[in-house]
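Hydrogens, waters and symmetry mates play no part in the numbers below; they use all other heavy atoms, side chains included.
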Amino acid sequence: ELKMLSNVPQLLRLDSDEVVNSAKTILGTGLISGGLPPALIRSEPILLTFPSEYIEGGIELLYDGKNNDERKDMMNTCRDKPGFLRESVEKWIRLQQQQK
């Protein structure tokens, strides 16, 4: 979509397979059972710039110590609160950098 590309032009420079993998992770064919809605990608296309393993790390951070109902609540929050998943992914990246 042109709006997504105008908001996140770096998508054009990224490997298309990586972008697709990131989208699949967000939409649920990756780590998340049931996935998140495509509207999340449209509203936050910046998520597609993160490699899928980073997105998975951010989701795992949200899931840490949570039961299934709490995990569902986390995914609802990701869907409903702009920036929530992105912030978790960025936190996961910072944690990985600190471990090095």
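- Note: Gln98 CD to Leu95 CG = 5.5 Å, rounded to the nearest 0.5 Å.
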Exercise answer: donor-acceptor pairs, residues 41-53 side-chain atoms, under 3.5 Å, sequence neighbours excluded:
{"from": "Ser43", "atom 1": "OG", "to": "Ala39", "atom 2": "O", "distance (Å)": "3.2"}
{"from": "Ser43", "atom 1": "OG", "to": "Leu40", "atom 2": "O", "distance (Å)": "3.1"}
{"from": "Glu44", "atom 1": "OE1", "to": "Gly83", "atom 2": "N", "distance (Å)": "3.1"}
{"from": "Glu44", "atom 1": "OE2", "to": "Gly83", "atom 2": "N", "distance (Å)": "3.1"}
{"from": "Thr49", "atom 1": "OG1", "to": "Ile46", "atom 2": "O", "distance (Å)": "2.6"}

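- Closest approach of Gly58 and Ser88 over heavy atoms only: O-OG, 2.6 Å.
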Inset, instruction - Quick one: do Asn68 and Arg71 satisfy side-chain hydrogen bond (donor to acceptor under 3.5 Å, both in side chains)? Show the steps, please. - result: CA-CA 5 Å; Asn68 283 339; Arg71 288 177 177 202; 4.8 Å; no
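- Looking at every heavy atom in both residues, Ile93 comes nearest to Tyr54 through CD1-CD2, 3.5 Å.
- Considering every non-hydrogen atom in both Trp92 and Gly57, the closest pair reads CD1-O, 3.2 Å.
- Between the Glu70 side chain and the Asn67 main chain, a donor and an acceptor come within less than 3.5 Å of each other.
- Side-chain contact between Asn7 and Met4 is absent, with no heavy-atom pair separated by less than 4.5 Å.
- Side-chain contact between Thr77 and Leu62 is absent, with no heavy-atom pair separated by less than 4.5 Å.
- In this structure, the separation between CE on Met75 and CG on Leu85 is 6.5 Å, given to the nearest 0.5 Å.
- Between Arg86 and Glu90 there is a salt bridge, with a side-chain nitrogen of the basic residue lying less than 4.0 Å from a carboxylate oxygen of the acidic one.
- To the nearest 0.5 Å, atoms CG (Asp64) and CE (Met74) are separated by 11.0 Å.
- At a threshold of 4.5 Å between non-hydrogen side-chain atoms, the residues Arg13 and Gln10 count as touching.
- The two atoms that bring Val89 and Ile55 nearest to each other are CG2-CA, 3.8 Å, heavy atoms only.
- The hydrophobic clustering, which links ILVMFWY residues whose side-chain heavy atoms are closer than 4.5 Å, places Leu14 and Ile26 together.
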Inset, instruction - Assess whether side chain to side chain contact (heavy atoms under 4.5 Å, CB included) is satisfied between Ile59 and Glu56, documenting all intermediate values. - result: CA-CA 5 Å; Ile59 292 166; Glu56 290 172 359; 5.7 Å; no
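- One N or O on the side chain of Asn21 and one on the backbone of Asp17 form a donor-acceptor pair closer than 3.5 Å.
- Residue Lys66 places its NZ atom among more than 12 non-hydrogen atoms of other residues, nucleotides or ligands, all under 6.0 Å distant.
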